[in-house]
Amino acid sequence: MQLTWNLKELYSSFDSEEFKNDMKRLDECIYEFGDFAEKITKDYDNEVKKIEEYISRKITITKLMVNLDNFISLTLSADTKNEKASKNSDLLEAKMSEMVSPTTRINKWIRGIKDIDSVIEKSSLLKEHKFIIKEIVEKSKYLLSYKEETIISKMKNTGSNAWSKLKDNLISNLKVDIEQDGEMKQLPLTVVLNMAYDKDKDVRKKGYDAEIASYYKVEEGVAACLNGIKGEVLTVCDLRGYKSPIEMTLVGSRMDKESLDAMLTAMKESLPHFRKYMKRKAEMLGYKNGLPFYEMYAPVSSAKMKFTYEKGAEFVIKNFRTFSDDLADFAKKAIDNAWIDVEPREGKVGGGFCSNITTIGESRILLNYGSNFSDVVTLAHELGHGFHGECLKGESILNCDYPMPIAETASTFCETIIKKAAVKEASKDEALAILEQEISDCNQVIVDIYSRFLFEKSVFEKRKESALSVEEIKQCMIEAQKESYGDGLDPQYLHPYMWTWKPHYYYADYNFYNFPYAFGLLFAKGLYAEYLKRGQDFVKDYEQLLAITGRNNIADITKVMGIDIHDINFWRASLKTIEDDIDKFIELSE
């Protein structure tokens with residue numbers, strides 16, 4: 001079983017003729033697109049034909065960019081020291097910035113069309129892309145002049161994009177000094193992070209202490225990255241006329257503030273219940289002052305739930321099949337065809353992600369697999385993202401770009417399938433361990449995500465005044481953790497550096513990439529409850545739901561399944577299922 005991914009479906013190498021030709025072809029397409037933009041925006045004659053040609057050209061350029069960008073970014077994710085990938089990343093970013101001026105010119109021209117609906121109705125191609133055309137009209141009010149947009153895009157290459165790369169480089173190459181078997185060793189950060197799941201309390205504590213100490217080596221550099229990116233976001237947000245970065249995020253996420261407020265309010269109401277869980281876990285592990293941060297993932301059962309990657313992959317495929325053959329067959333295809341980079345190593349970025357490569361109908365998944373049941377859950381999570389991409393294969397590439405909150409739905413749904421299946425096969429000890437992990441994961445996605453939301457909100461507010469020092473950033477994180485976790489955590493053992501290695505704070509185009517995880521969890525729980533009611537009749541509707549996520553607002557997507565995300569009671573009902581699990585865990589543990 002191959003443990004590193006294969007990118008040859010994209011290109012064989014950076015020196016291949018295919019890669020070089022596509023880079024050259026992209027230049028030509030962008031140059032022609034610039035001429036095209038200047039030509040069509042002179043008047044409003046032949047509007048239908050002009051927009052059709054715009055869509056066709058956009059599809060061609062998007063396909064080229066998807067192939068090139070994925071090959072470069074995936075190579076860098078697995079090897080941040082790859083010089084050819086780094087150089088080509090800079091080159092591609094420069095090329096992509098050349099698209100900003102003509103795209104802005106055309107988008108403003110489209111907004112000026114007097115009756116866009118009647119224009120769309122005259123063409124099957126335009127009707128297929130109706131949502132994104134109407135979205136162009138709506139979002140164009142935030143566009144600056146095409147010259148200003150071009151300047152911003154070009155400056156990002158030496159601004160937020162460069163800061164983000166520096167952060168990845170600092171963290172992926174960070175060596176942690178730690179004592180093992182009587183001798184000092186230097187281990188990659190990703191390996192030390194996996195120690196949080198070890199059955200030995202001393203190993204967990206030692207890993208935490210070594211991890212915290214290691215950040216002193218990079219804290220100033222990473223803080224500079226955070227300040228640079230957040231400062232740029234605030235500047236661009238102000239220039240474009242958004243009230244705040246959160247408003248900019250909601251517009252980009254196709255989500256309204258009413259939905260976000262309803263969800264956050266319900267989450268805040270549920271925090272005391274999660275604190276009950278943390279305090280009970282602390283008692284089980286022998287602590288009296290709440291749970292130390294380094295014990296968040298500590299096993300509470302003696303059950304040995306170790307899964308080699310091969311065993312974990314088999315478990316996932318088998319249990320996906322209980323839901324649908326389509327899902328199981330997709331997972332098997334991804335695993336058998338080396339779409340997954342499995343193990344942690346120096347120079348590889350931390351965490352996990354899935355990249356759906358719509359041009360070739362495939363996905364690539366990055367893991368840092370550590371043989372725990374949580375790693376099996378992560379595998380299922382990322383395969384869920386991949387299956388989402390599989391359901392979009394029949395869509396135009398322009399209709400495949402779904403917003404952040406809905407992005408976490410399929411992944412979380414797949415997690416639920418695996419956890420429910422694991423409980424059925426488990427002994428009593430194992431069932432308790434699985435139940436605890438399910439609650440622990442929910443604790444992360446509700447409580448920790450809420451703390452991340454509070455942290456990012458605080459950083460943005462303070463960054464308006466000036467750049468933040470390392471100590472100020474750490475204080476923002478501690479305050480956010482205290483407000484969210486409350487007395488569930490031991491205040492002497494929090495995590496002031498959680499902002500360093502979490503990648504989500506360093507995407508200038510995706511701010512507040514935290515609440516989407518909570519949305520995905522709670523929406524998926526609502527969907528799973530529906531699946532239990534309807535059985536196999538639910539499956540095709542679910543696949544259709546995933547297929548339309550790139551061409552609808554979120555509130556309209558959820559209505560397809562009869563769910564109103566403006567109603568706080570929906571969120572409360574989903575949270576109630578977690579609260580019931582907490583009550584059951586406390587009962588079993590006593």
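Hydrogens, waters and symmetry mates play no part in the numbers below; they use all other heavy atoms, side chains included.
Looking at Arg275 and Tyr485, their side chains never come closer than 4.5 Å, going by heavy atoms from C-beta outward. Proximity of Phe387 to Glu543: side-chain heavy atoms (C-beta onward) are separated by under 4.5 Å at one or more points. In this structure the side chain of Met248 never reaches within 4.5 angstrom of the side chain of Lys243, judged on heavy atoms. Side-chain contact between Arg111 and Asn107 is absent, with no heavy atoms from C-beta onward closer than 4.5 Å. Side-chain contact between Lys50 and Asp43: present, with at least one pair of heavy atoms (C-beta onward) separated by less than 4.5 Å. Considering only heavy atoms from C-beta on, Thr62 stays 4.5 Å or farther from Thr358 through its side chain. Proximity of Thr500 to Leu174: side-chain heavy atoms (C-beta onward) are nowhere separated by under 4.5 Å. Annotation: side chain of Lys457 is in contact with side chain of Phe512 (closest heavy-atom distance under 4.5 Å).
Relative ring orientation between Tyr507 and Tyr513 is described as tilted, the plane-to-plane angle lying within the 30° to 60° band. Using the six-membered ring where Trp is involved, Tyr142 and Tyr242 have ring planes that are parallel, under 30° apart on the 30 and 60° scheme.
Asp79 places a side-chain N or O within donor-acceptor distance of the main-chain N or O of Lys81, the cut-off being under 3.5 Å. Thr249 places a side-chain N or O within 3.5 Å of a backbone atom of Asn511 that can act as its donor or acceptor partner.
Counting heavy-atom neighbours within 6.0 Å of Lys165 NZ, excluding the residue itself, gives a total above 12. A 6.0 Å sphere centred on NZ of Lys462 holds no more than 12 heavy atoms belonging to other residues, nucleotides or ligands.
Separating the CD1 atom in Ile557 from the CD1 atom in Ile406 is a distance of 5.0 Å, to the nearest 0.5 Å.
For the pairing with His504, the ring-ring contact (aromatic ring centres under 6.0 Å, His included) check across Tyr510, Tyr517, Phe515 returns one residue only, Tyr517.
A salt bridge links Lys474 with Glu471: at least one charged nitrogen is closer than 4.0 Å to a carboxylate oxygen. Salt-bridge check for Glu269 with Arg572: passed, with a basic side-chain N closer than 4.0 Å to an acidic carboxylate O. Taking the charged nitrogens against the carboxylate oxygens, Glu83 and Lys87 have no contact shorter than 4.0 Å, which rules out a salt bridge.
Stacking of Arg551 on the aromatic ring of Phe131 is not recorded, the 6.0 Å distance cut-off and the 45° axial limit not both being met. A cation-pi arrangement is found for Lys167 relative to Tyr506, the charged atom lying closer than 6.0 Å to the ring centre and inside a 45° cone about the ring normal.
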Quiz prompt | Candidate pair Phe14 and Phe71, rule ring-ring contact (aromatic ring centres under 6.0 Å, His included), full reasoning | solution = CA-CA 9 Å; Phe14 290 107; Phe71 185 68; 4.7 Å; yes
Exercise. Any chance you could lay out the side-chain contact (heavy atoms from CB on, under 4.5 Å) test for Ile446 and Leu522, step after step, and finish with the verdict?
Key: CA-CA 9 Å; Ile446 301 301; Leu522 298 176; 4.1 Å; yes
Quiz item: For Glu53 and Ser56, what are the C-alpha separation, side-chain angles and deciding distance, and is it a side chain to side chain donor-acceptor pair (under 3.5 Å)?
Solution: CA-CA 5 Å; Glu53 188 172 352; Ser56 298; over 6 Å; no
Quiz item: Is there a side-chain contact (heavy atoms from CB on, under 4.5 Å) between Tyr402 and His388 once you walk through the steps?
Solution: CA-CA 10 Å; Tyr402 46 81; His388 194 163; 3.6 Å; yes
Quiz item: Yes or no on salt bridge (charged side-chain N to carboxylate O under 4.0 Å, His left out) for Lys141 and Glu138, after CA distance, side-chain angles and deciding distance?
Solution: CA-CA 6 Å; Lys141 65 185 179 184; Glu138 179 61 27; 2.8 Å; yes
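Every residue meeting the side chain to side chain donor-acceptor pair (under 3.5 Å) condition with Glu148, not counting sequence neighbours, appears here in chain and number order: Ser145.
Aromatic pair Phe523/Phe413: centroids not less than 6.0 angstrom apart. If you look at Trp571 and Phe519, their ring centroids are closer than 6.0 Å.
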Side-chain donor-acceptor distances from residues 25-35 under 3.5 Å, at least two apart:
{"residue": "Asp27", "atom": "OD1", "partner": "Lys95", "partner atom": "NZ", "Å": "2.9"}
{"residue": "Asp27", "atom": "OD2", "partner": "Lys95", "partner atom": "NZ", "Å": "2.8"}

